[in-house]
Structure formats: C-alpha cells, structure tokens
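This report concerns only the one structure given below.
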Amino acid sequence: MPERMIAELCSATLKGVKCANLFNCAYNTKEQLSSEILEMNQKLSSKGIHMMILSYPCKGRALIYIFRPVLLQQQFNDNGTKSLMHKLGYCDLRIGSCLNALRYKLQNDTEFPHEIGCFLGYPCEDVIGFMNHETCSYYGMWKVYGNVDKAKKTFALYDACTKLCLDQMDAGMHLEEIAASL
C-alpha cells in the first residue's frame, strides 16, 4: 500500500484535523492486504490512528477506512450526529459497534449507507441534506447543505494538510513521522 497515496488521500486525518478518511485500494490477495494494514497499524497506532478494511466492493478492490478513534467518538457524541445515527439504527454509539454496523450495511444492503458521512466527520446537516436529496448550496470535498463559509474554510484546511503531507513525503519523511500525535 503506497504511503504517498495514504498521505495524499488521508492527510487531514494524519494531521489530526479530521476524524477519518476513506479510500478505495487495489490489492492482489486479501492476505497481502491484511498484512499491509497490520504493518500500517503498527506504524501509526502510537499516533492514535487506526486503519481497517470496511468492505470489498468488487474483485481486487477494498474500501479502506483510516481513523482517529478519539476524534471519531467526539463526532458520534455530537447531538445532531447522535440523533441521526439512532434514527438509522445505530443503538450503541461506541466506535466498535458503529463500525461493525457500517460494515454489515456495506456488505449486505442494496443501498449505500450515506450515513458514512458521519463516519468521515461531515457536518450532520450536510449528511441529512444529502440523504434527503436536497439542493446543495456548495460542493467541494462533499456536498454542503448547511454552513458554506465554514465548509470552505474546512476544505482549505484539508487542502493545506495535503500539501504539507506531500511536501514532507518529498522531503523523505515517512507516514509515522508525518502523522501528528494527539
């Protein structure tokens, strides 16, 4: 699993300003991918970062979730997110329970679980707007239905994280050096 790809796609999580990122990754064998994720977890766990496979959407591809448990739990504790998650059947809002339920939905439901935005730190109002097929006010890294100014600032922050991570990689740093400790 290329470290540069992770640095580019997951920079805001690596820098500690976002609870999680999600990316689609090619793999040769499930065993090799599991081994690579174990190695990545060994490198990043001391920084408060964890990586896991959420699903295998098609042959040779895996949906990889990288997250900071502390920040993710804060996201789930937000009143709006908590209310939405309960409405969608997430009774136990501890991280492990929520991730197991999300995995189940990804693997067994015919519809994509759009509440995944909650797992990625998107504002609850934006997740709800998307799920209700409302007209968005702005779009960038996600569709914005709520506070456009705040979203624009967040998008700029995430872009700055990406630039910083890639600059650090170009300077010879590895992911475990780039990742911020929280």
Side-chain angles (χ1 to χ4, degrees), residues 5-25 44 48-58 61-163 165 179-180 182:
M5 177 184 72
I6 295 168
E8 182 175 3
L9 299 177
C10 306
S11 59
T13 300
L14 291 171
K15 290 301 184 187
V17 299
K18 188 172 189 287
C19 66
N21 282 98
L22 187 66
F23 62 96
N24 199 311
C25 179
L44 297 174
I49 300 171
H50 187 73
M51 183 182 288
M52 64 187 291
I53 300 164
L54 280 182
S55 71
Y56 298 96
C58 59
R61 307 292 302 179
L63 197 55
I64 309 296
Y65 184 65
I66 183 169
F67 66 103
R68 289 184 174 267
V70 169
L71 297 180
L72 183 59
Q73 191 63 62
Q74 289 174 2
Q75 172 76 8
F76 290 164
N77 290 341
D78 170 78
N79 287 333
T81 301
K82 189 183 302 186
S83 175
L84 175 61
M85 298 284 282
H86 280 215
K87 286 177 188 172
L88 296 171
Y90 294 84
C91 300
D92 181 350
L93 292 183
R94 289 178 294 176
I95 294 169
S97 295
C98 289
L99 287 171
N100 285 337
L102 179 65
R103 269 184 169 160
Y104 181 85
K105 286 183 174 193
L106 283 166
Q107 295 169 8
N108 297 294
D109 288 0
T110 55
E111 287 189 36
F112 189 82
H114 294 296
E115 69 268 16
I116 203 162
C118 295
F119 288 81
L120 296 171
Y122 299 173
C124 185
E125 60 195 349
D126 294 342
V127 175
I128 292 169
F130 185 83
M131 292 174 74
N132 291 335
H133 307 288
E134 296 172 12
T135 301
C136 72
S137 304
Y138 185 79
Y139 62 92
M141 295 176 188
W142 65 81
K143 290 185 177 183
V144 179
Y145 300 86
N147 189 330
V148 173
D149 291 333
K150 184 176 180 184
K152 285 180 179 180
K153 288 176 185 170
T154 300
F155 296 159
L157 176 61
Y158 293 173
D159 285 340
C161 287
T162 301
K163 182 181 180 339
C165 283
L182 293 183

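Values below: all heavy atoms of this structure, side chains included; hydrogens, waters and symmetry mates excluded. Owing to the predicted nature of the structure, the values given are computational and were not obtained by experimental measurement.
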From CD1 (Ile64) to SG (Cys25), nearest 0.5 Å | 5.5 Å

Can you tell me how far SG of Cys98 sits from CD of Gln73, rounded to the nearest 0.5 angstrom?
-> 7.5 Å

Do you know the tightest heavy-atom contact between Cys165 and Ser11?
-> SG-CB, 3.6 Å

Taking C-beta and beyond as the side chain, do Thr162 and Glu8 meet within less than 4.5 Å on heavy atoms?
-> yes

From CA spacing to verdict: side-chain contact (heavy atoms from CB on, under 4.5 Å), Leu93, Asn77 = CA-CA 8 Å; Leu93 292 183; Asn77 290 341; 5.6 Å; no

Could you go step by step and tell me if Val70 and Leu182 meet the side-chain contact (heavy atoms from CB on, under 4.5 Å) rule?
-> CA-CA 9 Å; Val70 169; Leu182 293 183; 5.9 Å; no

Pairs involving residues 142-152, ordered by first then second residue, that meet side chain to side chain donor-acceptor pair (under 3.5 Å) (sequence neighbours left out) | Asp126-Trp142

Between CG of Leu22 and CG of Leu63, what distance do you get to the nearest 0.5 Å?
-> 4.0 Å

Check: Gln75 side chain, Tyr122 main-chain N or O, donor-acceptor pair, under 3.5 Å = yes

Sequence neighbours left out, what pairs pass salt bridge (Lys or Arg N to Asp or Glu O under 4.0 Å) with at least one residue falling in residues 68-95?
-> Asp92-Arg94

Provide the full list of salt bridge (Lys or Arg N to Asp or Glu O under 4.0 Å) pairs with a residue in residues 98-124, sequence neighbours left out, each pair given once.
-> Lys105-Glu115

With side chains defined as the heavy atoms from C-beta onward, is the minimum distance between Phe67 and Leu99 less than 4.5 Å?
-> yes

Identify, with sequence neighbours excluded, every residue that meets side-chain contact (heavy atoms from CB on, under 4.5 Å) alongside Met141.
-> Phe155, Tyr158, Asp159

Which of Leu72, Ile53, Thr13 passes side chain to side chain contact (heavy atoms under 4.5 Å, CB included) with Tyr65? It is Leu72

Looking only at heavy atoms, which two atoms of Pro69 and Gly48 are closest? And how far apart?
-> CD-O, 3.4 Å

Please round to the nearest 0.5 Å and tell me the distance separating atom OG of Ser97 and atom OH of Tyr90.
-> 11.5 Å

Could you walk me through whether Leu102 and Leu54 pass side-chain contact (heavy atoms from CB on, under 4.5 Å), step by step?
-> CA-CA 8 Å; Leu102 179 65; Leu54 280 182; 4.0 Å; yes

What is the minimum heavy-atom distance between Val144 and Ala151, and which atoms define it?
-> CG2-CB, 3.5 Å

Considering residues at least two apart in sequence or located in another chain, which fulfil the side-chain contact (heavy atoms from CB on, under 4.5 Å) criterion with Asn132?
-> Ile128, Glu134

In this structure, CE of Met131 is separated from CG of Leu84 (nearest 0.5 Å) by 5.5 Å

Can you list the residues that meet the salt bridge (charged side-chain N to carboxylate O under 4.0 Å, His left out) rule with Lys15, with sequence neighbours excluded?
-> none

Output, in order, the C-alpha distance, side-chain angles, deciding distance and verdict of side-chain contact (heavy atoms from CB on, under 4.5 Å) for His114 and Val127.
-> CA-CA 7 Å; His114 294 296; Val127 175; 5.8 Å; no

Roughly how far, to the nearest 0.5 Å, is CG of Leu14 from CD1 of Ile6?
-> 8.0 Å

